[in-house]
Amino acid sequence: MGRMSGPYLIRGSVSLPEAELMWRFSRSSGPGGQHVNTSDSQVELRFDLAATEALPAVWKERALERLASRLNDGVISVRSSEHRSQWRNREAAAVRLAALLAEATAPPPRPRRPTKIPRGINERRLREKKRRGETKRGRSARDW
């Protein structure tokens with residue numbers, strides 16, 4: 001086995017620092033093979049968001065606020081056990097963590113600027129309503 005395919009970019013030139021990632025391995029449930037009871041293929045990746053210096057201060061503050069429900073003492077944890085190989089689970093967990101941090105550190109969307117409905121569209125709508133009303137009024141047989 002070689003090195004992992006990192007660095008895992010969060011956004012721009014900011015990436016997950018390999019030194020700050022804490023890995024834990026355990027036995028995974030699900031399909032295996034002959035060595036299913038001896039290999040630790042489930043991966044838990046932990047990242048101390050509160051203590052990291054890798055993220056800009058604004059991003060870090062944003063991520064701490066948005067991920068508050070997922071944090072445990074400032075540490076975010078991601079699990080992966082969908083693959084049979086520990087190596088592929090490590091890759092999946094790292095990619096998932098990078099995506100989670102990218103979403104959490106994204107700037108808020110620009111506020112919507114309300115626009116005025118063009119007069120032509122409004123007039124067309126009113127004309128159509130009037131025509132529809134005339135059609136319906138014509139259906140009622142009052143003179144019988």
Side-chain angles (χ1 to χ4, degrees), residues 1-140:
M1 301 254 189
R3 276 185 42 81
M4 289 184 64
S5 65
Y8 297 97
L9 289 179
I10 296 172
R11 204 171 54 254
S13 61
V14 179
S15 61
L16 281 174
E18 197 71 39
E20 293 184 25
L21 299 179
M22 296 167 278
W23 300 93
R24 207 168 89 196
F25 309 102
S26 59
R27 291 197 184 118
S28 181
S29 63
Q34 287 185 324
H35 71 294
V36 70
N37 294 325
T38 59
S39 63
D40 294 338
S41 61
Q42 177 172 292
V43 173
E44 183 182 353
L45 174 58
R46 299 170 53 121
F47 179 66
D48 195 346
L49 189 57
T52 188
E53 295 296 321
L55 297 176
V58 178
W59 287 19
K60 185 172 161 181
E61 189 178 307
R62 217 180 272 154
L64 284 169
E65 183 182 315
R66 290 182 183 168
L67 298 173
S69 63
R70 288 195 60 164
L71 294 177
N72 189 1
D73 294 331
V75 177
I76 187 146
S77 166
V78 173
R79 260 200 194 126
S80 176
S81 62
E82 61 258 21
H83 302 290
R84 286 169 60 167
S85 135
Q86 183 190 98
W87 191 254
R88 288 177 62 192
N89 281 331
R90 284 179 65 140
E91 291 283 324
V95 167
R96 199 176 299 153
L97 179 64
L100 190 66
L101 288 174
E103 189 179 322
T105 58
R110 287 175 40 197
R112 181 187 173 278
R113 227 174 86 216
T115 55
K116 200 172 177 186
I117 297 172
R119 190 167 17 146
I121 290 176
N122 206 25
E123 286 174 357
R124 193 173 341 154
R125 182 181 64 87
L126 292 174
R127 266 197 317 270
E128 184 58 33
K129 281 176 66 118
K130 193 157 292 284
R131 191 179 67 76
R132 189 82 179 131
E134 291 294 330
T135 304
K136 289 187 172 189
R137 197 171 308 120
R139 289 181 187 154
S140 67

Result of checking L45, N89, L97 against S80 for side-chain contact (heavy atoms from CB on, under 4.5 Å): N89
Candidate pair E91 and R88, rule salt bridge (charged side-chain N to carboxylate O under 4.0 Å, His left out), full reasoning: CA-CA 5 Å; E91 291 283 324; R88 288 177 62 192; over 6 Å; no
Donor + acceptor pair across side chains of E44, S77 (<3.5 Å): yes
D48 side chain near E20 side chain, heavy-atom distance below 4.5 Å: no
Atom of A93, atom of V78 and distance for their closest heavy-atom approach: O-CG1, 3.9 Å
Donor on one side chain, acceptor on other, R125 and N122, under 3.5 Å: yes
Presence of salt bridge, E128 and R131, under 4.0 angstrom: yes
4.5 Å side-chain heavy-atom contact, F47 and V75: no
Pairwise side-chain contact, P108 with R62, heavy-atom cut-off 4.5 Å (strictly under): yes
Shortest non-hydrogen contact from E82 toward A92: OE2-CB, 3.5 Å
Interatomic spacing from CG in L55 to OG1 in T105 - rounded to 0.5 Å: 7.0 Å
CD/E103: more than 12 non-hydrogen atoms of other groups inside 6.0 Å: no
Residue E53 excluded, over 12 heavy atoms near CD under 6.0 Å: no
Spacing of R46 atom CZ and R79 atom CZ [to the nearest 0.5 Å]: 10.0 Å
Other residues, nucleotides, ligands: >12 heavy atoms within 6.0 Å of I117 CD1: no
Any donor-acceptor N/O pair, T52 side chain to L49 backbone, under 3.5 Å: no
